[in-house]
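Below, read A as the first sequence line, B as the second, and so on, with proteins coming before strands; counting in each chain starts at 1.
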Number of protein chains: 2
Amino acid sequence: MLAAERIPHPTREELELGAVLHALSDPVRLRIVATLAADGTRTCGSFGLPVTKSTCTYHFRVLREAGVISQRPEGTTRVNSLRRDDLEARFPGLLDKVLDAASAEAAA
Amino acid sequence: MLAAERIPHPTREELELGAVLHALSDPVRLRIVATLAADGTRTCGSFGLPVTKSTCTYHFRVLREAGVISQRPEGTTRVNSLRRDDLEARFPGLLDKVLDAASAEAAA
DNA sequence: TAGCAAGTACGATAAACGTCGTATAATCGT
DNA sequence: ACGATTATACGACGTTTATCGTACTTGCTA
């Protein structure tokens, strides 16, 4: 049964600014995105997030449904990656500035 | 009674990315910000927003408390303006990219 | 094949959000 | 002094959000 093969992702054209900004406005999710930006692809469990597994699932789903990340099943895990190209195509420069802002804030 | 003279605004240093992104993630508020960006300073009532007055008050308050706009009482109205400089100082380039993204989305 | 590890599904819950309506305050004109 | 205008305050309301715990599924591996 390869049902998990079909995890729904919005297309590039379907990306909505409001949903993206909302997805990025949560500290846990912003941390996921920043980690992913620095470090390529990661499984869900490898982030050391201060929340339970089910809450993780929830946050990854919010990010995926907003089109910020994509998830690909691989064995029992899911490999996450940033949808840099799609975000850049739809909202040029936005992701980078958010990431800059996040590290600027962390440095303060 | 000049109590209304002291509307609380966060300082530049107090701006938080999460709060700013959340403030910008609502369509009504994003429209307020876009209008303000295009048009300098405006009173609350002059936006033609599709919500009641009390909801307007609410949205302007969210934007002000996030540090996105400032409000200055003037007669019976409040004059709103974007806190461009503070946002730019704290999160360089962010506001412009969000505004670009908003108009890109509107054009699609 | 039996167990383990990684995630998901689902239900519960408390808090926050966006909206409204009504009532109130502050200021300007007349 | 009065009314009109502009906006806030407060309470209500239904919805969404972020969180958890428990139960389940899936695939690897010993």
Side-chain angles (χ1 to χ4, degrees), chain A residues 1-9 16-33 35-36 41-81, chain B residues 1-9 16-33 35-36 41-81:
Chain A
M1 260 310 203
L2 52 162
E5 217 65 52
R6 247 194 252 101
I7 306 174
H9 291 74
E16 283 174 33
L17 181 57
V20 170
L21 293 178
H22 171 253
L24 296 174
S25 73
D26 179 272
V28 173
R29 291 193 293 264
L30 189 54
R31 179 163 151 187
I32 292 172
V33 172
T35 303
L36 227 38
T41 62
R42 304 278 300 258
T43 71
C44 291
S46 68
F47 287 83
L49 298 171
V51 289
T52 63
K53 270 197 303 180
S54 24
T55 303
C56 274
T57 297
Y58 165 72
H59 284 303
F60 281 100
R61 181 158 51 83
V62 172
L63 286 168
R64 170 169 43 80
E65 290 179 350
V68 177
I69 66 169
S70 69
Q71 298 190 285
R72 179 182 82 250
E74 190 168 307
T76 83
T77 82
R78 286 195 178 181
V79 178
N80 301 283
S81 49
Chain B
M1 260 314 200
L2 51 162
E5 216 66 50
R6 245 194 254 101
I7 306 173
H9 292 75
E16 283 175 34
L17 180 57
V20 170
L21 294 177
H22 172 253
L24 296 174
S25 73
D26 179 273
V28 173
R29 292 193 293 261
L30 189 53
R31 179 164 152 187
I32 292 172
V33 171
T35 304
L36 226 37
T41 63
R42 303 279 298 260
T43 71
C44 291
S46 68
F47 287 82
L49 299 171
V51 289
T52 64
K53 270 199 300 182
S54 25
T55 302
C56 274
T57 297
Y58 166 71
H59 285 304
F60 280 100
R61 182 157 53 83
V62 171
L63 286 169
R64 171 168 44 79
E65 291 180 350
V68 177
I69 66 169
S70 69
Q71 297 190 284
R72 178 183 83 250
E74 190 166 308
T76 85
T77 82
R78 288 198 177 179
V79 178
N80 301 282
S81 49

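- Here B:S46 pairs with B:R42 under the side-chain hydrogen bond (donor to acceptor under 3.5 Å, both in side chains) rule; sequence neighbours left out.
- For A:V79 against A:T41, the heavy-atom pair with the smallest separation is CG1-CB, 3.7 Å.
- For A:S70, the side-chain hydrogen bond (donor to acceptor under 3.5 Å, both in side chains) partners two or more places apart in sequence, or in a different chain, are A:S81.
- Under the side-chain hydrogen bond (donor to acceptor under 3.5 Å, both in side chains) criterion, A:R64 pairs with A:Q71, sequence neighbours left out.
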field: Reading 5' to 3' through nucleotides 4-21 of chain C, protein heavy-atom contacts under 4.0 Å coded B for base, S for sugar-phosphate only, - for none
entry: --BBBB-------SBBBB
Do any side-chain atoms of residues 53-63 of chain A form donor-acceptor pairs under 3.5 angstrom with protein atoms, and if so which ones, sequence neighbours left out?
{"from": "A:T55", "atom 1": "OG1", "to": "A:T52", "atom 2": "OG1", "distance (Å)": "3.2"}
{"from": "A:T57", "atom 1": "OG1", "to": "A:K53", "atom 2": "O", "distance (Å)": "3.3"}
{"from": "A:H59", "atom 1": "ND1", "to": "A:R29", "atom 2": "NH1", "distance (Å)": "3.0"}

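- Spacing between atom CD1 of B:I32 and atom C1' of D:dA7 amounts to 14 Å, rounded to whole angstrom units.
- What separates CG of B:L21 from P of D:dT17 is a distance of 16 Å, to the nearest Å.
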